[in-house]
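Working notes, structure below.
Just so we're clear, the structure is a prediction, and the values are computed from it rather than from any experiment.
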Amino acid sequence: MSLPNSDTIVALATPEGVGAIAIIRLSGSDAIRICNSFFKAKDLTKQASHTIHFGGIYDEKQLVDEVLVSLFKAPSSYTKENVVEISCHGSPFIIQKIIQLAIKHGARVANPGEFTLRAFLNGQLDLAQAEAVADLIASNSKASHLVALQQLRGGISNELKVLRDQLIQFASLLELELDFSEEDVEFADRTQLQNLIYDLKTSITKLIQSFEVGNAMKNGIPVVIVGKPNVGKSTLLNALLKEERAIVSDIPGTTRDTIEDQISLHGVLFRFIDTAGIRETEDKVEAIGVQRTLDKIKQSAIVVYLFDPNETTSSELKTKINEIRPNIGENALLIVANKSDIYKLDIANSYPSDIISISAKNNENLEAFTNELLHTAKLDKLSNNEVVISNIRHLEALQNTVSALNATLALMTDQTSGELLAFEIKRALYHLGLITGEVSTDDLLESIFTRFCIGK
C-alpha cells in the first residue's frame with residue numbers, strides 16, 4: 001500500500017446497488033474546489049464548515065441530479081482534511097456520473113480504507129481506534145457493538161497510554177545511565193522498576209485474559225449441543241432459531257454432521273452447533289459425525305448436554321457426563337433435561353438441582369435456559385465498563401509485551417547491566433506501540449486498512 005499524499009480522493013460511502021439515497025465522499029485539500037466545479041447553486045469555497053447546501057450537479061450544462069452537499073473543513077473533519085459529502089439519488093448511473101466528474105476535475109478513486117487511514121496518519125484516530133471503526137461497521141449484535149464502541153472511544157488506547165508512559169520514564173532513566181556508564185551512577189531505582197514491571201504484568205495479563213470474552217462478544221459465543229441420539233438436540237436448535245433449520249426425526253442418528261447457525265439473545269450473539277448424537281455405531285458416516293461432535297466440544301465456549309429423563313437414570317447421566325468431561329476442558333457445561341411435556345418422574349428429586357428442565361418441542365422454559373446461557377457466558381465485564389480486547393493482533397502484541405517484561409525481570413535477578421535492561425524495555429515498548437500505532441510499518445497498515453470498504 002502506498003501511503004496517501006496530498007491528493008484528493010473520492011468514493012461511494014454507502015453500499016453499492018439501487019437505493020433511495022447514496023453518499024459520495026471526497027477528502028483532500030482540493031475536495032471543496034473540485035465539488036464546486038460541478039455543483040451549481042452557490043460558491044462552496046465561501047461557505048462555512050459543517051453546513052449543508054442544496055443545488056444541482058451539472059456535467060457542463062446537463063443536469064445530472066439535485067443533491068445536498070455537506071461541507072467539513074480541515075481540521076474539523078473525519079480525516080482532518082477538507083471533506084465533502086454529496087447526498088444524491090441512489091441510481092448507479094448518477095453515482096458513477098458524479099464520481100467521474102470528481103475524477104475529471106482532479107480527484108482519484110480512494111483505496112480500501114483510505115479515508116480512515118488518513119484519519120490515522122493525520123492524528124484523528126490511533127491504530128486501535130481505526131480498527132474499531134471496521135469492527136463497528138461489522139457489528140451484528142448489541143455486545144459486539146458495545147465492544148467496538150468502547151475501542152473507538154479509546155478504551156484500550158487510554159489504558160495502554162498510562163502503562164507505556166510509565167515504562168518510557170524508566171527507559172529514559174536507563175538511557176541516561178548508559179550515557180554516564182563510566183561514572184557508575186544509577187538513575188533508575190531497580191526496586192521501583194521491578195514493582196512497576198509487576199504492576200504492568202498484572203494489568204496486561206488482565207487484558208490478555210479478557211480476549212476470550214471480547215472475542216466471543218465480537219464473533220459470537222460458540223455453544224455446542226450434545227447428547228445421545230434422539231434426545232431433541234435438533235428440536236432445541238429449531239426452537240431457538242424459530243425455524244426448521246435442522247431435520248427432526250424419531251429415527252436415531254438423523255443428524256450425521258454438525259449444523260451451525262447464529263442467534264442474538266438479549267443483544268449477545270451465540271453460535272449454536274447441533275451435533276450428531278454420541279453413541280457407539282458401526283455406521284461409518286455416523287461415526288465420522290460423532291467424532292466431529294467431540295471436536296466441536298473442544299472448540300466451544302459452552303457445552304449443552306441434552307438428555308431425555310425418560311431414557312436416562314441419574315447414574316447413567318453421571319456416567320455420560322464423566323465420559324465427555326475430558327473433551328470439555330475448561331468450557332462451561334449446562335445439563336438440560338428435555339421433553340418435560342412427557343416426564344414420568346419428578347426431575348427435582350431425581351437429578352441434581354442445577355439441571356435445567358425444558359420442552360424444546362413445546363417451547364417450555366426456554367427463557368430460563370437462555371438466561372442461564374447469558375449468565376454462563378460471563379459477560380459482566382462490559383456491563384462494568386471494564387476494558388476488553390477483541391482483536392487477535394492486540395492479543396499477540398500484549399503477549400509479546402509480557403515476554404519482554406519477563407525477560408527484564410530475569411535480567412534484574414541476574415543483576416545484568418543497564419544496557420540489556422534498556423533493550424528489553426524497548427522491546428516491551430515496541431510491542432505496546434504496535435497496538436496504538438506509535439510503532440507502525442507499511443505492511444502492518446496495509447494488512448489492516450485493505451480490509452475496509454472503499455468508502456471508509
Side-chain angles (χ1 to χ4, degrees), residues 222-261 263 270-300 302-328 331-352 354-370 372-373:
V223 179
V224 63
I225 306 172
V226 301
K228 294 166 63 176
N230 212 29
V231 295
K233 299 185 296 298
S234 298
T235 304
L236 175 58
L237 178 65
N238 290 341
L240 293 169
L241 298 175
K242 295 181 172 58
E243 64 173 287
E244 296 299 313
R245 177 69 175 80
I247 298 173
V248 176
S249 168
D250 292 333
I251 303 171
T254 303
T255 302
R256 297 191 170 204
D257 201 351
T258 58
I259 301 173
E260 300 188 25
D261 216 326
I263 183 172
F270 287 87
R271 289 190 291 113
F272 284 98
I273 307 163
D274 178 23
T275 63
I278 301 175
R279 68 169 178 174
E280 295 291 334
T281 177
E282 294 181 2
D283 186 308
K284 290 183 179 180
V285 176
E286 187 181 353
I288 294 172
V290 172
Q291 183 56 51
R292 289 186 178 179
T293 296
L294 298 176
D295 293 338
K296 287 294 181 181
I297 289 175
K298 296 175 183 177
Q299 299 168 14
S300 65
I302 301 175
V303 177
V304 174
Y305 186 82
L306 199 66
F307 74 100
D308 180 354
N310 298 305
E311 304 291 337
T312 309
T313 65
S314 181
S315 60
E316 288 173 338
L317 175 64
K318 184 177 180 180
T319 300
K320 280 294 179 184
I321 294 299
N322 289 337
E323 287 177 359
I324 68 168
R325 181 74 71 177
N327 295 285
I328 294 176
N331 297 340
L333 174 64
L334 294 182
I335 305 175
V336 181
N338 191 25
K339 304 185 181 182
S340 63
D341 52 315
I342 54 172
Y343 285 165
K344 300 174 184 176
L345 42 77
D346 184 357
I347 291 290
N349 295 321
S350 303
Y351 297 92
D354 58 348
I355 286 179
I356 306 165
S357 177
I358 67 166
S359 170
K361 180 179 178 180
N362 294 342
N363 292 324
E364 292 177 6
N365 213 31
L366 288 186
E367 185 175 354
F369 169 66
T370 56
E372 189 61 28
L373 272 177

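With hydrogens and angles ignored, the 3.5 Å screen pairs a side-chain donor or acceptor of Asn365 with a backbone N or O of Ser357. Judged purely by atom type and a 3.5 angstrom limit, Asn338 uses its side chain to pair as donor or acceptor with the backbone of Ala360.
Here the CG-CD1 distance, from Asn363 to Ile358, works out to 9.5 Å after rounding to the nearest 0.5 Å. Atom CZ of Phe307 and atom CD1 of Ile355 lie 4.0 Å apart (nearest 0.5 Å). Interatomic distance, NZ of Lys339 versus CG of Asp308, reported as 4.0 Å (0.5 Å rounding). Between Ile321 atom CD1 and Leu333 atom CG the span is 5.0 Å, to the nearest 0.5 Å. A distance of 6.0 Å separates CG in Leu240 from CD1 in Ile225, rounded to the nearest 0.5 Å. The line from OH of Tyr305 to NZ of Lys320 is 5.5 Å long, rounded to the nearest 0.5 Å.
Taking each heavy atom of Phe369 and Leu334 in turn, the nearest pair found is CE1-CD1, 4.4 Å. Taking both residues in full, the closest heavy atoms of Asn230 and Lys233 are given as N-NZ, 4.3 Å, listed atom of the first, atom of the second, then distance.
In this structure, the side chains of Leu366 and Leu236 come closer than 4.5 Å at one or more pairs of heavy atoms.
Applying the side chain to side chain donor-acceptor pair (under 3.5 Å) criterion to Glu364, with sequence neighbours excluded, gives Ser340. Remark: Glu316 engages Thr312, Thr313 in a side-chain contact (heavy atoms from CB on, under 4.5 Å) (not counting sequence neighbours).
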